[in-house]
Student: 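Questions regarding the structure given below will be posed in turn.
For the numbers below, each heavy atom of this structure counts, side chains included, while hydrogens, waters and symmetry mates do not.
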Amino acid sequence: MAHVPYKNKEVDGGMSRWSEYLNVEELTPSALASWRNMAADGPQGSSTGGHKHLQMEPVVQLSKVAEGLLAKMYRLNGILDYPDPNTHTFSDAFWKAGVFPNFPKICITLSKKFPEHPNKLQLERVDKFALDALNENAEGYMHNLEQWILLLLDLLAFREQALRLTLDLSSTVITLLPHQNSLILHAFMDLFCSFVRVNLFSEKVPRKMILQVYNILHVMLKGGRDCEFYHRLVQFVDSYDPPIKGLHEDLNFVSPRIGEVLEAVGPIIFLSTDTKKLRNEGFLSPFHPRYPDILTNSAHPMRAQDLANVTSYREWVLLGYLVCPDELLRVTSIDVAMVVLKENLILPLFRDEYILLHENYQRYVLPKVLESKRMAKSGRTKQKEADLEYNVAKQVEKMLTEVHEQALVSCDAMHRERRILLKQEIGRMVLFFTDQPSLLAPNIQMVFSALSLAQCEVIWYFQHVGVASSKSTRGKTVDIDATDPTIGFLLDGMGKLCCLVRKYIAAIKGYALSYLSSCAGRIRFLLGTPGMVALDLDATLKGLFQQVLHCLENIPKPQGENVPAISSDLTDLRKHWLSILMIVTSSRSSINIRHLEKATVSTGKEGLVSEGNAAYNWSRCVDELESQLSKHGSLKKLYFYHQHLTTVFRNTMFGPEGRPQHCCAWLGAACSFPECASAIIPEEVNKIGRDSISYVESLIESIMGGLEGLINILDSEGGFGSLEMQLSPEQAALHLNSTRPKGVSSLLTPGHESYPDNSSSIKMLEAAMQRLTSLCSVLNDMEPICVLNHVFVLREYMRDCILGNFRRRFHSMIRTDNCIQRPSIIESLLRRHLGIIHLAEQHISMDLTEGIREVLLAESFTGPFPNLQMFETPVGTQGGGSAVEMICNWYIENVVKDASRIGVAFDAIQNCFRSSQPIGGGCLAEAFTDKRELKALVRLFGGYGIDKMDKMLREHTSALLNCIDSALRSNRDALEGLAGSVNSGDRIERDANLKQIIDIETLADLCIQAGQAITFRRLLVEAVGAVLEEKVPLIYSLLKGLTLQLPDEVPDKNEIIRLRRVASSVGVGDKHDAEWVHAILAEAGAANDNSWILLPYLCAAFMVSNIWSGAVYDVNIGGFSNNLHCLARCVSAVVGGSEYTRVEREQRINSLSNGHTNDLQEAELPSRVSAEASIKSAMQIYVKLPYIVPKLIFLDQLCELSPYLPRSTLEVHIPYTILRSIYHQLYGASVMASEPMDQSPRQSPLISLAHASPSARQNRPETTPRSHTFEPSYYSSSGSQHDDGYEADKRTGQLRSMRRSGPLDFSASRKVKFVEGSSSGSSHGAGSLQRFTVSRSGPLSYK
């Protein structure tokens, strides 16, 4: 096993060992690029010659190396489940991570006994078994630890090189003041802070255990020899245990320079904490706060620029005084430290890792201060200085002991006040620059400052969520309010400012180019001043200044609208200026920065160094503006707090002070999350990417949930529903008759919201409407969110959300707790919801109406979607038609089938179904089936929905017709016998055949159900026709006129069949029921044999069944209580439909038997008139069967014979007109029977009686006999005299139907025409009293 080649990796004084950290595939930071270019081409000598000047490239590179080291330690910490090496607390996941051997006793003992050598610990007494296992698998365990022992070696090398560079900078740079040498200052302090953070973070890594376990494994494999770097690492880890102790010793030599820097940045820190001064003096305002009409480029240009760096300054203070505690004894340092310590509770190290700030200050800084206090008190120095030092130390001691409690109490309030200030200032800034974009470029540094301050406050807020304190008696150090709405305002303001900068980037670039062009003249003037001439610059500096002037004078001039096309790379300009700064700030140079300032400041203008620094900063606004925007406005660090981010978002988004339109800013933060991934750890990219996508999806879910909530609030009864309040007539009467004073009644009246006392409800509605419209507008205008290769388009999510919510609301409108809602109410609720959607649609550049139509279509259409010629399934559907399925199933089960058996009956007067109890757990049947409700149903689901209802009615009716077909087949013999007995007049045989019919009551009940289905379908068709006539009267009139022009051929062509069905489905024509049953029989292939000829006899048999025993006529509904009147609808429709089917079948058979189907002449085709004549003849059989006639005659004779029963008693129940008609028929039959006449062998006496007229003269030669008129209410079908009889085939012995021109075929050449009477489709709404209208057709007059 090869051990780690430490010596081969280490190259003293070089950067080659850091290639792993530096040669990564990522964009090179602009500062690093400038330093590298400078190092490659920069000067190597000074005016004095031979002295090597400061090289800044290693400084920036080591800062980058520090980021890589921190990333590796962060990853190790996560793998080991965040152990606590100081207390030796390790979780189960720590031992299962595969880094250390799973032998806790051995490993913890090695760590606790550090720095003792493992050989001296007698580990066999600790755990002999574990020690043997280590010996057996030492090579594998050693391999697992190799990458982490290399990390310790990198930490050691980093410490050595960073200390060397820090010492070099500290000793050679003559000034590190922010306003003079800010570029080198930031590079120096960045390295300093990186060095401190790396070593502080290393305490969280089990360094001792890694080193000790690795070494014992090395000893086992190498025969007792330690690894070659073991003792150096032991010394390093021990000297940094704890790390702050080592940092105090290592950084003691740079402590004074750090103190100078911290004192220099103090004024900017004080300014950033003084919210009143920032507001009153307009540091973040592009106009003077007291004189808003006076616009300025910037109220305080230098301070505004410094405010952009105040976040870094605070970090310098926290880390600087922690590792250089002696600098706290400066007089001015107390106030600086006090301000920063009071507003922080933690010291961030890397990402979301931190250490407790005040605990570490009291543990490591306070003892140093107390030691200085004791030394000053002992008088080891001069008395005056001792007194001053003692007093300062005493003040520092008091500050450190009190500041923790002060921070616990006040830090959150301080930051909340600062967030409110930034919310206001950034809000005004956005409005101002939106209105005056030309002033954005001159104030770009102010924008960067505002972004930086807001970034700091937002990150501070999430860093301090849930921070535990060891000293505080409370569970948390500070109560962070998760419902603080200022976070949303800051995120939104930052996002809008960044958008403004990107929108007007060309203007900013043009302004910067103009500034640099003018700067060239000023620098040339300063170089020609007497002071500069007297300095006698060497050739190197002169050459560098000339190169700077050359770059500035060759900058392209922005003209017109060509600014975006200008591509300027000002890297050379910055490289040359950095080279100048490195020379003039070096203590080895004969001409330093102070010489330049003194030589040029006497002109009364900015000095040469100031002009150069300004040119450097403005040059970055030309080609590095995006990187600066990312530095000051990026919120990528929030990734490590994305769970807290989600929680705060959900608590503030739709809160009382929240703004839904801020959601874009919360989402936009995720775009920068993947930038947190370290290129040195490739797996981080995927993990952070997945977390970022999950965060965006979670936020989108919350946003869409809030959008749904706003819509549903407006769509509730407390929303727009409260404005639609109506009183029923009973409630209105009660309100008018109330004796209570006005407004005291508990009954809410329409318009009650207009009273001042109820204005809160209107304000709530207005607020909800405003939030809804603003949210829709913002989501519509938001740019797509790009996270790695995922793109989230909020408009599409919003569209899907609105349509999905509409679909769910539509389902909730239909279904109540245990029933469905009335269609008219559903329609009203739907219109209200659509009104809200149309309100939102005004702020969305998408067609939501089309989506609503797709949803309604999907809920109404149950067939395959490709049949609709759509390329995609509508939103939120799984097959479609669930709503209409729900409605149709409910109507079929509760109205048509009456599954609950609660007595749903058809009301012929009101033309609807009625029930005595609520159906389906809801209202009475009439509340769902009157014309108003059915019209609403048609408007809701349109043609496709009605087709679905018709299809289900067809299926139900088809099943019932199958039962009738089975009954006809099974009872064929009995029905044939019944037909023969009727023709022969044998009553005994007739009764015997009636008794042989099986389950006549059940069959009658099925026919009543079929009649109920046919009746409901008729109501539905009438509603469709009414809606069609109302909405599209031209189409309705077209169909109505078209039905009159359809040919009378039988069978119809396919096109004619479709036209008839369309006309029938919209209520055009007068034979809907028979046509509909005919279509059902044709589709099912039923009624294809001669058994259906017996249908009238089967229907007539119902008259003697027991179903009449419970029949009670109800005048309120114009029918029978057990719905027997629907049987008439069934008989009429089924007989008519079966006859149409029989005629078509016979015609097809005849056509095929003649062999010239296509050559038939039109004159030979039977017409629908002849088919209807057959239907009327078949209906005559049903009507004429005299089951009830003897009973009526018996009652009449009883009244005539009994002196106690006057005929007027019978007249109350049976109008005498009916009895007179019966006598007329009987006497007419007897006259016909006495006349000598040859009967047709096909005619029975009963049928002959039925078709004969009392006034008919049999020997009269006219071809058309005189017809008599029957009351339409007496015959349920037409009074035309057609009939199909039966003929016994003597050769086959089978019954078959004979088709002639009429049923009374008196001779072979005679054709009889009959005048058509009233239609069987007479108004079903007519009252039953029509049945008892006095007849004028009978010739007999009884007295």
Student: Output the distance between atom CG (Asn309) and atom CD1 (Ile269), rounded to the nearest 0.5 Å.
Tutor: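 Nearest 0.5 Å value for the CG-CD1 distance: 11.5 Å.
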Student: Would you call Glu684-Arg351 a salt bridge at under 4.0 Å N-O?
Tutor: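 Arg351 and Glu684: salt-bridged.
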Student: Is the cationic atom of Arg314 (NZ for Lys, CZ for Arg) positioned less than 6.0 Å from the six-membered ring centroid of Phe270 and within 45 degrees of its normal?
Tutor: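 Because its charged atom misses either the 6.0 Å distance or the 45° angle limit, Arg314 does not stack over Phe270.
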Student: If we count only N and O atoms by modelled type, under 3.5 Å, do the side chains of Glu624 and Gln628 hold a donor and an acceptor together?
Tutor: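 Side chains of Glu624 and Gln628: no pair found under 3.5 Å.
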Student: Side chains of Ile268 and Pro178: closer than 4.5 Å at any heavy-atom pair?
Tutor: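 No, every pair of side-chain atoms sits at 4.5 Å or beyond.
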Student: Hey, mind stepping through Tyr74 and Asp352 against side-chain hydrogen bond (donor to acceptor under 3.5 Å, both in side chains) and telling me if it holds?
Tutor: CA-CA 10 Å; Tyr74 185 88; Asp352 57 341; 2.8 Å; yes
Student: Using a 4.5 Å cut-off on heavy atoms from C-beta on, say whether the side chain of Tyr361 contacts that of Leu366.
Tutor: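 No - every pair of side-chain heavy atoms lies 4.5 Å or more apart.
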Student: Below 4.0 angstrom, N of the basic side chain to O of the carboxylate: do Lys368 and Asp326 qualify?
Tutor: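 No salt bridge links Lys368 with Asp326.
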Student: Do Ser170 and Arg257 pair up side chain to side chain, a donor and an acceptor below 3.5 Å, judged on atom types alone?
Tutor: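 Result is no, nothing qualifies.
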Student: What is the ring orientation for Trp316 with Tyr313, classed by angle as parallel under 30°, tilted 30 to 60°, or perpendicular over 60°?
Tutor: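 Taking Tyr313 first and then Trp316, their aromatic rings sit tilted (interplane angle of 30° to 60°).
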Student: So does Asp623 pair up with Arg574, basic N to acidic O under 4.0 Å?
Tutor: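 Here Asp623 pairs with Arg574 in a salt bridge, since their nearest N and O are under 4.0 Å apart.
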Student: Rounded to the nearest 0.5 Å, what's the gap from CG on Leu341 to CG on Leu400? Could you check?
Tutor: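 One finds 7.0 Å between CG of Leu341 and CG of Leu400.
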Student: Examine the side chains of Ser255 and Glu327 and answer whether a donor and an acceptor come within less than 3.5 Å of each other.
Tutor: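 Their side chains do contain a donor-acceptor pair, which is all the 3.5 Å distance test asks for.
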Student: Are there over 12 heavy-atom neighbours, none belonging to Glu675, within less than 6.0 Å of that residue's CD?
Tutor: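 Yes, because the 6.0 Å sphere around CD of Glu675 holds more than 12 heavy atoms from other groups.
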Student: Kindly indicate whether the side chain of Leu156, heavy atoms from C-beta on, has any atom under 4.5 Å from the side chain of Val237.
Tutor: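 Heavy-atom side-chain distance check fails, nothing below 4.5 Å.
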Student: Hey, is Arg232 close enough to Glu160 for a salt bridge, meaning N to O under 4.0 Å?
Tutor: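 Yes, this pair counts.
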Student: Side chains of Trp18 and Gln161 only: does a donor on one sit below 3.5 Å from an acceptor on the other?
Tutor: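 Yes, side-chain donor-acceptor contact under 3.5 Å.
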Student: When you measure from the side chain of Ser579 to the backbone N and O of Lys575, does any donor-acceptor pair fall under 3.5 Å?
Tutor: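 Yes.
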Student: Look up atom CG in Leu169 and atom OG in Ser586, then write down how far apart they are to the nearest 0.5 Å.
Tutor: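 It is 10.5 Å, given to the nearest 0.5 Å.
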Student: Should we say atom NZ of Lys72 is surrounded by more than 12 heavy atoms from elsewhere, each under 6.0 Å from it?
Tutor: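 Above 12, so yes.
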Student: Within the 3.5 Å criterion, strictly below it, is a donor on His415 or Glu343 matched to an acceptor on the partner's side chain?
Tutor: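 Not at all, the side chains of His415 and Glu343 share no donor-acceptor pair under 3.5 Å.
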Student: Output yes when a side-chain donor or acceptor of Ser171 lies under 3.5 Å from a complementary backbone atom of Asp168, and no otherwise.
Tutor: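 The answer is yes, because a donor-acceptor pair under 3.5 Å joins these two groups.
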Student: In terms of ring plane angle, is the pair Phe195 and Tyr240 parallel, tilted or perpendicular, where the classes change at 30° and 60°?
Tutor: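 Phe195 and Tyr240: perpendicular rings.
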Student: Is Val198 close to Leu155 at the side-chain level, that is, under 4.5 Å between some pair of heavy atoms?
Tutor: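 Yes. Closest side-chain heavy atoms under 4.5 Å.
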Student: What are the two closest non-hydrogen atoms of Leu516 and Ser619, and how far apart are they?
Tutor: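 It is CD1-CA, 3.8 Å.
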Student: With a 4.0 Å cut-off on N to O distance, would you call Glu315 and Arg197 a salt bridge?
Tutor: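 Counted as a salt bridge, because a side-chain N and a carboxylate O are separated by less than 4.0 Å.
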